[in-house]
2 protein chains.
Amino acid sequence: MRETILLADDHPLFRAALIEAVRRVAPGAEIVEAESLSEARDRLADQSVDLVCLDLHMSDSSGFSGLIELRQSHPGMPVVVISASQSGGAAARALEFGAAGFIPKTASLDTLCMALGAVRDGEIWAPETGDDITDEAAEQAQRLASLTPAQMRVLRGVAAGQLNKQIAFEMDITEATVKAHITAVFRKLGVINRTQASLVAQALEIEPPKSA
Amino acid sequence: MRETILLADDHPLFRAALIEAVRRVAPGAEIVEAESLSEARDRLADQSVDLVCLDLHMSDSSGFSGLIELRQSHPGMPVVVISASQSGGAAARALEFGAAGFIPKTASLDTLCMALGAVRDGEIWAPETGDDITDEAAEQAQRLASLTPAQMRVLRGVAAGQLNKQIAFEMDITEATVKAHITAVFRKLGVINRTQASLVAQALEIEPPKSA
DNA sequence: TCCGGTATCCGCCTAAAGTCTAATGCCAAA
DNA sequence: TTTGGCATTAGACTTTAGGCGGATACCGGA
């Protein structure tokens, strides 16, 4: 029986690149394409598939639900997860859910070929350990959560581009106190000035201060 | 002189797809690749380029600042913006900033070829433009676009939370000069300090991580 | 060619930002 | 109750940021 590989990705261009990689690794394989999770389901119902490349973010499913579903309905079928996310957490979780490999979309064609080859040989492919990017957002969120109420209020003012004087007036404390709070916030967030603190706050979508 | 096309995208696989499209549309063209905005800058300094395909989301620049910069430094050179974002707003803003075309990464290879062909013929290629840009965003966009190259580079440093000293070192100018540029940027953007300037710059960077 | 506007550059000065030390008060563990 | 840690407060001090004036250079129009 001919080997069949299912490529589930909603980006036609990226799918084209995947096809090229598959042709290099498995020249004789039959390639089946799907643009959405539901379409992938249909293809899997139509025929037996030996390997699936699954994008985590498609029109009808963003996240690990699709991976979980495929693992349940086809336990023996290796699934290679492909994601735009580079975070090590995403890769770890994907493998946790039974993925046979994880490939960030920033991978090169060569890397992709190696990953597909390894998975076809029954191995597990994970991004090189040196590339494990700690989930920066989670860490920063943890740091933000450690801020005291006063420090949080001060940070909100900083993130809004206010002067220390303005923040002090609104909190009814001295400007010197505001500065002390700000220094503490900098230490907790691991930054060295208010602009960087503002960036951290913006990245985590802190509630903006009322009024303007 | 041989036609030269610069492909600036940090995803090797997607770049491979772009190369395939260029080969179909312009078989004789020389293809130059860049993985980051700074690398794209270097290539543009090295040689004359007839067309640029620019990804909005690269390691050192996610947003329209790169597009604005290229339009400033090479006014006559058509720039096709490529983005993972499918929102009409992103496309409208890209065209507002002088892009010659906008291609979402969800586009098919055929669509991509058509777009490149149209731009090569001097046309503007855009997906259905349903959305319009809000006046406020347009004003800020206009202000950002009025920045000189040096002012833009300084603003990037400010928005990254760098010290004036660091910016001065990287641009090989005096800190006093950096301050002068910053003052000019503040006036043009209508802000009073670097944190607010950083916020304006951030506002024009589309879609923060949004994580998983 | 000359000229006016502007970009780039820099030194000087004031205001703001940020650090350090330290006092007070609160709360939980010993 | 005592003790140790931390939040909050703030003054003194150092560093950075930002404004002002002026110099040079470049460029398009008269």
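Keep in mind that this is a model prediction, so the values were computed, not measured.
- dG18(D) atom P lies 4 Å from atom CZ of Phe186(B), rounded to whole Å.
- The separation between Arg194(A) atom CZ and dT19(C) atom C1' is 14 Å, rounded to whole Å.
- Between Thr183(B) and the phosphate of dG18(D), there is no side-chain N or O to OP1/OP2 separation shorter than 4.0 Å.
- Between Glu35(A) and Arg15(A), at least one side-chain N (NZ, or NE/NH1/NH2) sits under 4.0 Å from a carboxylate O, which counts as a salt bridge.
- Remark: the backbone N or O of Thr111(A) is paired with a side-chain donor or acceptor of Ser108(A) at under 3.5 angstrom.
- Across the protein-nucleic acid pair, Glu175(A) atom CD and dA16(C) atom P stand 7 Å apart, rounded to whole Å.
- One finds a side-chain N or O of Asn164(A) lying less than 4.0 angstrom from the OP1 or OP2 phosphate oxygen of dA17(C).
- Between the CG atom of Leu147(B) and the C1' atom of dA7(C) there is a distance of 13 Å, rounded to whole Å.
- Ala150(B) comes within 4.0 angstrom of sugar-phosphate atoms only, judged by non-hydrogen atoms across all strands, and of no base.
- Put simply, Lys179(A) has no side-chain N or O that comes within less than 4.0 Å of OP1 or OP2 on dT15(D).
- When rounded to the nearest whole Å, the span between CD1 of Ile182(B) and C1' of dA16(C) equals 14 Å.
- Thr177(B) comes within contact range of at least one nucleobase, with a heavy-atom separation under 4.0 Å.
- OP1 or OP2 of dA7(C) has not a single side-chain nitrogen or oxygen of His181(B) nearer than 4.0 Å.
- Looking at Asp9(A) and Cys53(A), their side chains never come closer than 4.5 Å, going by heavy atoms from C-beta outward.
- Distances shorter than 4.0 Å separate some side-chain N or O of Thr148(B) from OP1 or OP2 on dT8(C).
- Across dC10(C), dA17(C), dT9(D), the shortest atom-to-atom separation from the side chain of Ile173(B) is found for dC10(C).
- Salt bridge annotation for Asp55(B)-Lys105(B): present, with a cationic side-chain nitrogen under 4.0 angstrom from a carboxylate oxygen.
- Among the heavy atoms of the strands lying under 4.0 Å from Ala180(B) is at least one base atom, whether or not backbone atoms are also near.
- Using a 4.0 Å heavy-atom distance criterion, Thr174(B) is classed as a sugar-phosphate-only contact.
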Exercise for the section: Verify side-chain contact (heavy atoms from CB on, under 4.5 Å) between Leu155(A) and Val200(A), making sure each step is shown before the conclusion. Expected result: CA-CA 10 Å; Leu155(A) 176 58; Val200(A) 172; over 6 Å; no
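- Closest contact between the side chain of Arg187(A) and the listed nucleotides dA17(C), dA10(D), dC20(C) involves dC20(C).
- The interatomic distance linking Asn193(B) (CG) with dA17(C) (C1') rounds to 11 Å, in whole Å.
- Between Thr195(A) and Pro149(B), it is Pro149(B) whose nearest contact on DNA chain C lies nearer the 5' terminus.
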Exercise for the section: Dump the intermediate steps for side-chain contact (heavy atoms from CB on, under 4.5 Å) on Val52(B) and Leu44(B), then the final yes or no. Expected result: CA-CA 10 Å; Val52(B) 174; Leu44(B) 287 171; 4.3 Å; yes
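- Going from atom CD of Gln151(A) over to atom P of dT9(D) covers 11 Å, rounded to whole Å.
- Dashed line: the shortest gap from a side-chain N or O of Lys165(B) to OP1 or OP2 of dT16(D) is under 4.0 Å.
- Look at CD on Gln162(A): it is 14 Å from P on dA16(C), rounded to the nearest Å.
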